[in-house]
Number of protein chains: 2
Amino acid sequence: MYDSLMRPFKHPPVSDFILERLLYALSDPVRLEIVRRLAESGEASCGELDGGRPKSTMSHHFRILRDVGLVHTQTIGTTHMNSLRKADVDSRFPGLLDAIVSQKP
Amino acid sequence: MYDSLMRPFKHPPVSDFILERLLYALSDPVRLEIVRRLAESGEASCGELDGGRPKSTMSHHFRILRDVGLVHTQTIGTTHMNSLRKADVDSRFPGLLDAIVSQKP
DNA sequence: CCCATAGTTCGAATATTATCGAATTTTAGT
DNA sequence: ACTAAAATTCGATAATATTCGAACTATGGG
């Protein structure tokens, strides 16, 4: 009764991570930007990362990032705090995240 | 009059490579498998890499891989020989290809 | 209790993609 | 020339995604 209240989001276990799905999630410019921002800032709410885009659009992208295992979301008050599951991704796919996020535009 | 006959394919210059588009190209299981096979075998014809799939389907996937700059195709006789543009990809996105291709399933 | 805030969910329109058969092209061999 | 081989292009279909407004949910503050 703690989890269901504090974490209404499904976060897949590391063993369920699928490389192709991570790559797909990162192939969208909006989502890649989200991941980049999270990589440098540590964590951020949904609202901090929309670039003027509608909330429903952002919610959609965050869900995809969560579903593939890239992002962890926790509810804090009325805001949803997002962070990169870097250690998890690194353990399953060593070096992948850095190799992608560190690339220059 | 050499290029147009021997290379009917458009291969984008390195400066046109776009990270998101590479990731997208690699997010398809069929295409990722193609790239993996090319990475280890060096080069292969289209026919060698279909897994019983129709040629038109494979042709579609090869075109996407070419369009984003991952694969180079040259005509040799009646066959099209494909190879990874590893050096080109590495020069634009250092470490990216290895970090993806080397991941275990 | 009411209200504002933050974000999700729903629904629908639009767009993109994957797949594959059929027809076409190109090249090589006879 | 004719034919076979290899692969592309075309066309259609089915599946999936993106986007966004509108309605909804949950939380915290006054």
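In what follows, every heavy atom counts, from backbone to side chain, and hydrogens, waters and symmetry copies are set aside. Every chain is numbered from 1 and lettered A, B, ... according to where its sequence line falls, protein lines coming before strand lines.
The side chain of A:Ser56 lies closest to D:dG21 when the candidates are D:dT9, D:dG21, D:dT8. For B:Thr57, the side-chain atoms get nearest to C:dC20 when compared with the rest of D:dT18, C:dC20, C:dT8.
For C:dA18, the OP1/OP2 oxygens have a side-chain nitrogen or oxygen of B:Arg31 closer than 4.0 Å. Here A:Arg66 reaches the OP1 or OP2 of C:dT8: one of its side-chain N or O atoms lies under 4.0 Å away. The phosphate of D:dA7 has neither OP1 nor OP2 within less than 4.0 Å of any side-chain N or O from B:Arg53. Distances shown here put a side-chain N or O of B:Tyr24 below 4.0 Å from the OP1 or OP2 atom of C:dA18. A close approach under 4.0 Å does not occur between any side-chain nitrogen or oxygen of A:Ser45 and OP1 or OP2 of C:dA6.
Counting distance only, with no hydrogens placed and no angle test, the side-chain atoms of A:Thr78 and the base atoms of D:dG28 include no donor-acceptor pair under 3.5 Å. Counting distance only, with no hydrogens placed and no angle test, the side-chain atoms of A:Ser59 and the base atoms of C:dG7 include no donor-acceptor pair under 3.5 Å.
In terms of the ring-ring contact (aromatic ring centres under 6.0 Å, His included) criterion, B:His61 has no residue partners (sequence neighbours excluded). Residues forming a side-chain contact (heavy atoms from CB on, under 4.5 Å) with A:Pro29 (at least two apart in sequence, or on another chain): B:Glu20.
A:Thr79 comes within 4.0 angstrom of the backbone, heavy atoms only, and of no base. Using a 4.0 Å heavy-atom cutoff across all strands shown, B:His60 reaches at least one base atom of the nucleic acid.
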